[in-house]
A.B. asks: 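Right, I'll just put the structure down here and ask away after.
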Amino acid sequence: MSAQIHPDIETVLLTEEEIRTIVADLGAQISEDYADRNPLIVSVLRGAFIFAADLMRAITVPCAVDFMAVSSYGDGVKSTGVVQIIKDLSTKVEGRHVLLVEDILDTGLTLKYLMGLINGRGPASIEVATFAIKDIPGNRPAIDPLYVGAHVPNEFVVGYGLDYAERYRNLPFVGILKPEVYS
Ligand code: 5GP
């Protein structure tokens, strides 16, 4: 089934089918690594909610979920480096195996901040699963995630949970937004 290309999308980077394969592979790997550890999946809102929901269904071992809401871009397309916690966890992470689930890693500053925050609460372990990572030539993200779904070019991408000004999260594929939409 071919994805219906949206008029604001320049290029489709990951089709629905490719996303399904990526998530199934990550789920299998995580299930193997976290057998008997009852991981606490921490989904970073809002962008990661769709990936987290799919990933959880691809994980076959017992696991729990909680959510954190952060804002790093506002309504823009550039990271400000300032992370605002809008909603904190309801679950105590002390002694838990935390798996932070993120939509996309750009500078990595958002996750570095969140990892520091959660680490301060005494988890048994903390790892990161990111659906995508941006390949920025000559630039390494501030953290090195254990689970990476896909590499995408250094462009502003939307779909599969990722927004621009709260739009496009519902696209079932990941695509590059036409620059004229945000410039
Ligand atoms: P970082 O702190 O790694 O620079 O930025 C991470 C956050 O910025 C992601 O969680 C995501 O919300 C947002 N972000 C980074 N790149 C993109 C992108 O290409 N598209 C969208 N929609 N959000 C992005």
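Whatever order the structure lists ligands and atoms in, that order sets their numbers, starting from 1. Remember, predicted model here, so these are calculated numbers, not experimental data. Values below: every heavy atom of this structure, side chains too, minus hydrogens, waters and symmetry copies.
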A.B. asks: If you take the nearest heavy atom of each of Arg167, Glu155, Lys134, Arg169, which one is closest to atom 16 (N) of ligand 1?
C.D. replies: Lys134

A.B. asks: Is Arg167 paired with Asp8 through a side-chain N to carboxylate O contact shorter than 4.0 Å?
C.D. replies: yes

A.B. asks: For Asp163, counting its heavy atoms only, list the atoms of ligand 1 lying under 4.0 Å from any of them.
C.D. replies: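 Once the distances to Asp163 are compared, the set is 21 (C), 22 (N).
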
A.B. asks: Could you tell me whether Val157 and ligand 1 have an N or O pair separated by under 3.5 Å?
C.D. replies: yes

A.B. asks: Is it the side chain, the backbone, both or neither of Asp103 that has a heavy atom closer than 4.0 Å to ligand 1?
C.D. replies: side chain

A.B. asks: Between the side chains of Lys134 and Glu155, is the shortest nitrogen-to-carboxylate-oxygen separation below 4.0 Å, so that they form an ion pair?
C.D. replies: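 No salt bridge links Glu155 with Lys134.
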
A.B. asks: For Asp88, what residues pass the salt bridge (Lys or Arg N to Asp or Glu O under 4.0 Å) criterion, not counting sequence neighbours?
C.D. replies: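 Counting only residues at least two positions away or on another chain, Asp88 forms a salt bridge (Lys or Arg N to Asp or Glu O under 4.0 Å) with Arg121.
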
A.B. asks: If we only count N/O pairs under 3.5 Å, is Tyr164 in contact with ligand 1?
C.D. replies: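 Looking only at distances, the answer is no, because the N/O contact criterion of under 3.5 Å is not met.
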
A.B. asks: For ligand 1, is there an N or O atom under 3.5 Å from any N or O atom of Leu105?
C.D. replies: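 Between Leu105 and ligand 1, no N or O pair is found under 3.5 Å apart.
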
A.B. asks: Does the side chain of Asn154 reach to within under 4.5 Å of the side chain of Asp135, using non-hydrogen atoms?
C.D. replies: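 Answer no - side chains too far apart.
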
A.B. asks: Of all the atoms in ligand 1, which lie at a distance below 4.0 Å from a heavy atom belonging to Ile104?
C.D. replies: 6 (C), 9 (C), 10 (O), 11 (C), 14 (N), 15 (C), 16 (N), 17 (C), 24 (C)

A.B. asks: Against heavy atoms of Thr107, which atoms of ligand 1 measure under 4.0 Å?
C.D. replies: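 Here the atoms of ligand 1 in question are 1 (P), 2 (O), 3 (O), 4 (O).
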
A.B. asks: For the residue pair Phe156 and Tyr182, does the interplanar ring angle fall in the parallel (under 30°), tilted (30 to 60°) or perpendicular (over 60°) class?
C.D. replies: perpendicular

A.B. asks: Between Phe49 and Arg169, which heavy-atom pair has the shortest distance, and what is it?
C.D. replies: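 That would be CE2-CD, 4.3 Å.
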
A.B. asks: How many angstroms lie between CD in Glu10 and CD1 in Ile5, if you round to the nearest 0.5 Å?
C.D. replies: 11.5 Å

A.B. asks: For ligand 1, which atoms, with element, lie under 4.0 Å from some heavy atom of Glu102?
C.D. replies: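 What qualifies from ligand 1 is 9 (C), 10 (O).
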
A.B. asks: Over all heavy atoms of both residues, which pair between Val61 and Ser31 is shortest? Give the atoms and the distance, please.
C.D. replies: CG1-O, 3.4 Å

A.B. asks: So if I count the atoms of ligand 1 from 1 in the order they appear, which ones are less than 4.0 Å from some heavy atom of Thr110?
C.D. replies: 1 (P), 2 (O), 5 (O), 6 (C)

A.B. asks: Below 4.0 Å from any atom of ligand 1, is there a heavy atom belonging to Gly47?
C.D. replies: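 No, Gly47 has no heavy atoms under 4.0 Å from ligand 1.
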
